[in-house]
Structure formats: structure tokens, C-alpha cells
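Reading through the C-alpha cells given below for one structure.
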Amino acid sequence: ATEKTATKKVVKTTDVNSIQANTAVITRNKVGSVVTPATERKENMPNVRVLLGSRSSDATVTSTANMVVLNSGNGQVSTISANRGTSIGVRGGKIAVNGKAIDSVVTLKPANGDAPFLFEGKGYRGGLTLRANNGTMMVINSVPLEDYLYGVVPQEVVPSWPAAALEAQAVAARTYALHTMEQNKGKFYDVSNSTDHQVYSGVSGESQATTNAVNKTKGVVMLYDQRPINALFHSDGGGYTEDSVNVWGSDVPYLKGVKDFSTGTSTSNWTVTTSRQALESKLNAASKGVGKLKSIQLTPLGKPGQQTSDRGVSGRIKSATFIGTSGKTTVDGDALRSILGLKSTLFDFYVNHNPAKGTGKAYHSFTGKNDTIYIKGHGWGHGLGMSQWGAAEMAKRANPGDINYYQTILRHYYSGITLKKMY
């Protein structure tokens, strides 16, 4: 089954109070203990290759410890003294260190493996591999997986969230990284440092609360059929997450729609107001114009859990048909979200009826005059896998004595998974 990359958009906000207190009962999943191998071996922890970027200009690397310079065959070429700024760049298809061309691939490693280094003033753990590539230099941070997570988890969640939510995110991020590493084995790098994969900021992005969450769950991974899952997550499920088949067109058994407990007001519920003319203009710009709009064919948004031909199990739009004076066109949900610039595909149209003041009933017919269109929606992101604000709300309601509640969160959002400590 083909899978398209889904951007894991996250809301970066410190307003944790927007997770409203809620007394609703959470259905507790039966949580077994994490399956642990008979022997734990530290050497099983893999390194992840993170693309920090590509550049044609020279850059500076500094380390508090001595650094060794290795060629493409991992042979040591030289040593760089501690606290000395070292210039790296591209010279005639080779990587040059302090102006001296060495090889097409060069790696700089602190002699003391635990000493962070600075690349262009930003701190990273592990080592730095530089690869000459058509006149540019690919900059790749090869870093132990747990150290990588220290720089990822605080970028993907709010560090002041309850510990169980941070721990759930740590396991999801670790699993996602391992899944992506399997897919990219033959490539020059495993993941980028952006939302294309997971946001990674190295040492400078670390937070004590999230580091604790990574350490608490060290080596714990989600498996399905004994393989690390594609542990997608998104900011807010808007009340219900979605089946992968309704987003990707392929059925991934552990990515099924479930109730979401998020109550983050700015992310769970939102309204956009526009005009018929503006909507027509956006459809025209996307080559989906139908002239003057007359109506929209779309099942009104109902209660989640009831799939229709044009909406998924959560209510997310799979497709909507616009009817106008020059014909009709059907637009899929993802394309419509992009055309309209919305937070998710979980929404409905209310023509000339403000949903904040009305019955909540959708209105899909235009008068042809100065029509005002209210678009009321829920959630933020693709709706697959774990809702981050939902995980935070679940964690907030957990029994204080349940030290492994992160497992309950993960088993809720990822169907039929096994949790295993891999190292």
C-alpha cells in the first residue's frame, strides 16, 4: 500500500489552561506491562541520520572536546583541538576541512562521544557527516536515537503538559523514527529536521521535562506484526480521529478512528468567515471554478462514528461537489482544505447562517446575492494516529498512581499495537 507523507502540524502554545477541565470518564484500556527482552543491550541503540540542510557556503564547527576527522572509509585523517573553530566547505567535489580538500564524504566526531559540538553556533550531540553533492554540502547529524529524541519531543509538544502525554509523545517519536529509518536504509539520511518528518533542534531545543519522558520510556517502541509502526500524530483530533483509508486510500490496521478527548478551545473548534465571491475566486485559482456558485453537495456534518460516501468515520470530508452556473466539480477533502487554508478536513459550510447563533444545521445553498459563508470546523492536522492535545487531556485525568499511563494513551490512539522495550 502506498502511503503519502502527512505533515504533523503541532500547535506551539504555552496556554495549557486551554485544555479545559472536564469530568467526562475516559474508557480505560487494559494495559499490560511492556514486553522486555531477557537481556538489555545498550549496543542495540541505533544511530539516526538527521539532515540538517544543504549549503554551498562554508560553515563553522566547534567542540568542547577534541574531534577526529574521518574519511569516507572511516579512516582517521586528522584531529581538531577542543574549542577551536573549524571551517568546513566544498572544494572541487570534495569536503574541505580548514581549506584542505579531503574526500567526498567526511565525518567529524568528538573524541569523547558524549561531548556536544556546535554547528553554526547551534549545539548537537553525536557526530557530523558532510557529503559533497553537486557543488553543495549535505550536512547530516548522526546521533544516537535517544539523544535525537531529546531534541525532538520538546518541539512537538508543550513541555509543561502532564508527564504521561510527554511519555506517549516520546514513544510515538521513537517509533516513527525507527519506521522511517527502515524505509530510508539505502538513502543518504533517515529523516530531515523539519515537519516533513519530525522537528529537531538539537541540544538547544532540549527541555528537562521532555528529557525525563524520553529516559522514562527508553527503548520502548510500538509494534504491529513485529515491525515499528508508522506512528503518525497530529495536533488535535477535533473530537474523533480518522481511519487511514479515508485519508490515504490505503487501510493501515493500527490507524483507525477513535474518540478524541481534546478540549483545546483554539484547536478543537474554529470558524472561518468568507464570501461567495471569495470562495469562487479560490476555486477558480485551483482550476476548480464552476462559475457563480449555486449549491454544495455534501452530507451535513453529523455525530462521529457514522461514515458516509463523502465523509469518513470522524466526519472528515472525503469529497464535496460544487455546483455553479457553468457546471459542477468534485474536490477531495485534502485539496479543499488546502484551497481554503483550513486547519483540518473536519468542517461544514453554513451559507448565510452563523453557526454560533443558529441551530447548528448546515446550509449549502446560495442566494446569488451577497452570500456570507461560515465554515465551522474542528481539530488541527490530518487526524491520523495520536491527537497531541487529546493525549494531554487524557494524561490530565489519569490516576496519579498509574505510572505507566502513557501506555493507555498509546493503546487508545493506535489500534492493536504491542509495546516492546527494544534496548
Side-chain angles (χ1 to χ4, degrees), residues 3-10 12 45-63 67 69-72 74 86-91 93-97 102-110 113 116-156 169-170 172-206 210 214 228 230-233:
E3 299 175 358
K4 67 179 182 181
T5 302
T7 302
K8 294 165 288 301
K9 180 72 179 174
V10 72
K12 296 295 287 185
M45 188 195 301
N47 276 7
V48 57
R49 301 166 300 163
V50 189
L51 179 68
L52 301 182
S54 292
R55 56 188 296 143
S56 52
S57 58
D58 287 6
T60 304
V61 179
T62 313
S63 176
M67 295 188 87
V69 180
L70 308 175
N71 61 21
S72 58
N74 277 329
T86 300
S87 171
I88 52 173
V90 186
R91 302 286 188 277
K94 290 186 175 183
I95 300 297
V97 178
I102 295 175
D103 203 340
S104 58
V105 180
V106 170
T107 297
L108 307 181
K109 276 186 179 177
F117 64 89
L118 293 175
F119 170 69
E120 292 292 85
K122 196 170 179 180
Y124 296 94
R125 301 178 187 274
L128 200 64
T129 296
L130 311 155
R131 181 178 288 272
N133 184 33
N134 295 324
T136 65
M137 171 174 65
M138 292 176 73
V139 182
I140 299 163
N141 179 202
S142 181
V143 57
L145 181 53
E146 299 298 303
D147 291 354
Y148 163 72
L149 296 175
Y150 292 157
V152 166
V153 179
Q155 310 311 309
E156 294 287 0
Q169 183 67 50
R174 183 182 296 111
T175 306
Y176 178 83
L178 283 169
H179 174 88
T180 309
M181 287 162 68
E182 274 193 5
Q183 290 188 317
N184 293 336
K185 266 180 185 169
K187 299 182 179 176
F188 292 146
Y189 63 91
D190 299 310
V191 294
S192 72
N193 62 351
S194 72
T195 53
D196 288 345
H197 291 109
Q198 300 187 112
V199 179
Y200 168 66
S201 290
V203 175
S204 60
E206 293 176 9
T210 49
V214 172
N230 190 3
L232 294 182
F233 47 88

Between Arg125 and Glu146, is a salt bridge (Lys or Arg N to Asp or Glu O under 4.0 Å) present by the stated rule, with each step listed?
CA-CA 10 Å; Arg125 301 178 187 274; Glu146 299 298 303; over 6 Å; no

Run the numbers on Asn193 and Val199 for side chain to side chain contact (heavy atoms under 4.5 Å, CB included), then give the verdict.
CA-CA 5 Å; Asn193 62 351; Val199 179; over 6 Å; no

Check against side chain to side chain contact (heavy atoms under 4.5 Å, CB included), Leu128 and Val139:
CA-CA 7 Å; Leu128 200 64; Val139 182; 3.7 Å; yes

Would Lys94 and Asp103 count as a salt bridge (Lys or Arg N to Asp or Glu O under 4.0 Å) here? Give the steps.
CA-CA 5 Å; Lys94 290 186 175 183; Asp103 203 340; 6.0 Å; no

From CA spacing to verdict: side chain to side chain contact (heavy atoms under 4.5 Å, CB included), Val214, Val153:
CA-CA 8 Å; Val214 172; Val153 179; 3.9 Å; yes

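A donor-acceptor contact shorter than 3.5 Å is absent between the side chain of Arg174 and the backbone of Ala177. Remark: side-chain polar atoms of Glu156 are not paired, donor with acceptor, to backbone N or O of Gln169 under 3.5 angstrom. Judged purely by atom type and a 3.5 angstrom limit, Gln155 uses its side chain to pair as donor or acceptor with the backbone of Gly205.
The distance from the OG atom of Ser56 to the CG atom of Asn134 is 12.0 Å, given to the nearest 0.5 Å. With rounding to the nearest 0.5 angstrom, the CG atom of Leu52 is 11.0 Å from the CD atom of Glu120. Put simply, CG on Leu108 and CG on Leu130 are 5.5 Å apart, with the number rounded to the nearest 0.5 Å. Annotation: the span from Ser57 atom OG to Met137 atom CE amounts to 7.0 Å, rounded to 0.5 Å. The OG1 atom of Thr210 sits 10.0 Å away from the OH atom of Tyr150 when rounded to the nearest 0.5 Å. Of the inter-residue distances, the one linking Arg131 atom CZ with Arg49 atom CZ reads 8.5 Å to the nearest 0.5 angstrom.
Looking at Val50 and Asp190, their side chains never come closer than 4.5 Å, going by heavy atoms from C-beta outward. Here the side chains of Tyr124 and Asp147 are not in contact, with every heavy-atom distance at 4.5 Å or above. Using a 4.5 Å heavy-atom cutoff, the side chains of Leu145 and Leu178 are in contact. For the pair Val48 and Val191, the minimum side-chain heavy-atom distance is below 4.5 Å. Between Ile102 and Ile95, the closest side-chain pair of non-hydrogen atoms is not below 4.5 Å. Gln198 has its side chain within reach of Phe233: a pair of non-hydrogen atoms, C-beta onward, lies under 4.5 Å apart. Between Val105 and Asn71, the closest side-chain pair of non-hydrogen atoms is not below 4.5 Å.
Taking every heavy atom of both residues into account, Leu51 and Met138 meet most closely at CD1-CE, 4.1 Å. Between Thr136 and Ser54, the shortest heavy-atom contact is OG1-CB, 4.5 Å. Annotation for Pro110 and Gly126: closest pair CD-O, 3.3 Å, computed over non-hydrogen atoms. Summarising the geometry of Ala173 relative to Val152, their closest heavy-atom pair is CB-CG1, 4.2 Å, with the distance given to 0.1 Å. Closest of all the heavy-atom pairs between Lys109 and Gly127 is CG-CA, 4.4 Å. Of all heavy-atom pairs spanning Ala96 and Arg91, the tightest one is CB-CG, 3.4 Å.
Judged as a side chain to side chain donor-acceptor pair (under 3.5 Å), and not counting sequence neighbours, the contacts of Lys187 are Asn184.
Side chain to side chain, Thr107 and Thr129 meet the donor-acceptor criterion of an N or O pair below 3.5 Å. No donor-acceptor contact under 3.5 angstrom links the side chains of Tyr148 and Asn47, judged on distance only.
Phe117 pairs in a side chain to side chain contact (heavy atoms under 4.5 Å, CB included) with only one of the listed residues (Asn141, Val203, Thr62), which is Asn141.
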